[in-house]
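Down below is the structure, laid out as structure tokens.
Residues: numbered from 1 along the sequence shown. From a predicted model like this one, the values you see are computed outputs, not experimental measurements.
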Amino acid sequence: KCTANALWLSYHFDYFSDTAALVSHHHPRFKWMGAGVRNGIIPMDNTNSGVYQIRLTVDKKCRIPIGKLDEFTFPEGQYVYTGRAGKNLTQRISRHKRSDKKCFWHIDYLLSNKCVRILDINVVSLNSDDECIENKKLLKGRASIAVKGFGATDCKHNCEAHLLFF
């Protein structure tokens, strides 16, 4: 799946904070294939919009109902969900981190399962129109479609899904 010593370096939304800062991090086991990389901390622009990727793990094989899509079996492993927010990006990311929410998006159903854990959330573009571009970058690597249609019901570029399995 992932090369053992691959370098992961990208802007990272601080998981324990709701501040609008992006922080550069390293991860030894996961090669991130998102947007271009810069070091340091930068302020988010005034539009508060953009594209984020949630890296998550399914701890054991489980069957989860995903809204109106159907019920699916998710194998144990790592996944990345690519989403966008045309506004209120920081609030959207904070919402994904909460467990006390009504399920609205496909990702809400997945994240509500006790076998699923968020590893990190990364802002990969400050342009919300880049959602499909960032998703397709991951598909050029070793990713595969996890569930056809997941997170892509309003997709403008015919992506099969915005949840990928690694």
Side-chain angles (χ1 to χ4, degrees), residues 1-13 15 22 25 27-37 49-86 89 92-99 101-166:
K1 312 255 177 171
C2 300
T3 54
N5 293 316
L7 174 67
W8 171 66
L9 180 64
S10 74
Y11 286 123
H12 173 80
F13 184 86
Y15 190 82
L22 304 173
H25 282 275
H27 189 281
R29 294 196 50 187
F30 193 85
K31 184 175 182 182
W32 198 256
M33 302 189 58
V37 175
S49 66
V51 176
Y52 58 92
Q53 291 178 325
I54 303 174
R55 189 168 60 101
L56 56 99
T57 186
V58 173
D59 292 326
K60 65 179 182 176
K61 181 178 176 180
C62 59
R63 194 143 175 85
I64 303 172
I66 305 295
K68 295 177 183 176
L69 268 184
D70 205 350
E71 187 172 277
F72 299 93
T73 300
F74 291 86
E76 179 181 335
Q78 285 192 16
Y79 296 76
V80 172
Y81 169 76
T82 302
R84 68 178 164 84
L89 177 62
R92 175 76 53 88
I93 290 171
S94 295
R95 182 184 188 283
H96 286 312
K97 295 186 303 183
R98 289 194 335 256
S99 58
K101 62 183 174 249
K102 181 179 178 184
C103 290
F104 181 73
W105 291 289
H106 294 150
I107 191 66
D108 294 338
Y109 293 92
L110 183 61
L111 293 176
S112 69
N113 188 282
K114 64 183 178 184
C115 295
V116 179
R117 289 183 296 117
I118 293 175
L119 298 174
D120 50 40
I121 300 176
N122 298 279
V123 174
V124 294
S125 173
L126 296 179
N127 180 350
S128 62
D129 292 333
D130 289 346
E131 179 183 27
C132 298
I133 292 167
E134 296 300 334
N135 189 57
K136 288 179 180 181
K137 284 180 185 179
L138 296 175
L139 279 169
K140 289 180 183 176
R142 296 183 179 157
S144 60
I145 301 294
V147 172
K148 191 169 182 165
F150 191 107
T153 53
D154 63 347
C155 181
K156 299 173 186 172
H157 296 95
N158 299 318
C159 293
E160 288 185 63
H162 285 182
L163 178 68
L164 307 176
F165 178 72
F166 286 84

- Message: With side-chain contact (heavy atoms from CB on, under 4.5 Å) as the criterion, how do Ser112 and Ser99 come out once you've worked through the C-alpha distance, each side chain's angles and the decisive distance to 0.1 Å?
- Response: CA-CA 7 Å; Ser112 69; Ser99 58; over 6 Å; no
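- With rounding to the nearest 0.5 Å, the separation of CG in Asn135 from NZ in Lys140 is 11.5 Å.
- Under the 6.0 Å cut-off for aromatic ring centres, His96 and Tyr52 qualify, their centroids lying closer than that.
- Between Leu56 and Leu110 there is a side-chain heavy-atom pair separated by less than 4.5 Å.
- Taking the six-membered ring for Trp and thresholds of 30 and 60 degrees, Phe150 and Tyr81 have ring planes more than 60 degrees apart, a perpendicular arrangement.
- Using a 4.0 Å cut-off between charged nitrogen and carboxylate oxygen, Glu76 and Lys61 do not count as a salt-bridge pair.
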- Stepwise side-chain contact (heavy atoms from CB on, under 4.5 Å) check, Leu139 with Ile145: CA-CA 8 Å; Leu139 279 169; Ile145 301 294; 4.1 Å; yes
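- Put simply, the residue from Arg98, Arg95, Lys97 that forms a salt bridge (Lys or Arg N to Asp or Glu O under 4.0 Å) with Asp108 is Arg95.
- When only modelled atom types and interatomic distance are considered, Thr82 and Gln53 share a side-chain donor-acceptor pair under 3.5 Å.
- Looking only at side-chain heavy atoms (C-beta outward), Val116 and Leu111 come within less than 4.5 Å of each other.
- Using modelled atom types, one finds no donor on one side chain facing an acceptor on the other under 3.5 Å when comparing Thr57 with Arg117.
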Determine all donor-acceptor pairs shorter than 3.5 Å in which one atom belongs to a side chain in residues 153-163; sequence neighbours excluded.
from	atom 1	to	atom 2	distance (Å)
Asp154	OD2	Arg84	NH2	3.0
His162	ND1	Glu131	OE2	3.0
His162	ND1	Gly151	O	3.3

- Message: For a side-chain contact (heavy atoms from CB on, under 4.5 Å) check, start with the C-alpha distance between Tyr109 and Glu71, then their side-chain angles and the critical distance, and finish with the verdict.
- Response: CA-CA 10 Å; Tyr109 293 92; Glu71 187 172 277; over 6 Å; no
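- With contacts defined as side-chain heavy-atom distances shorter than 4.5 Å, the pair Asn113/Phe74 does not qualify.
- Sparse packing is recorded around NZ of Lys148, with 12 or fewer heavy atoms of other residues, nucleotides or ligands lying under 6.0 Å away.
- The OG atom of Ser128 sits 10.0 Å away from atom CZ of Arg92, with the distance rounded to the nearest 0.5 Å.
- Annotation: side chain of Ile54 is not in contact with side chain of Val80 (no heavy-atom distance under 4.5 Å).
- Between atom CD1 of residue Ile133 and atom CG of residue Asn127 there is a gap of 7.5 Å, rounded to the nearest 0.5 Å.
- Considering all non-hydrogen atoms of both residues, Phe165 and Pro75 come closest at CE1-O, 4.1 Å.
- Here the NZ atom belonging to Lys137 is positioned 8.0 Å from the OG atom belonging to Ser125, to the nearest 0.5 angstrom.
- Residues Val123 and Leu89 meet the side-chain proximity criterion, which asks for heavy atoms closer than 4.5 Å.
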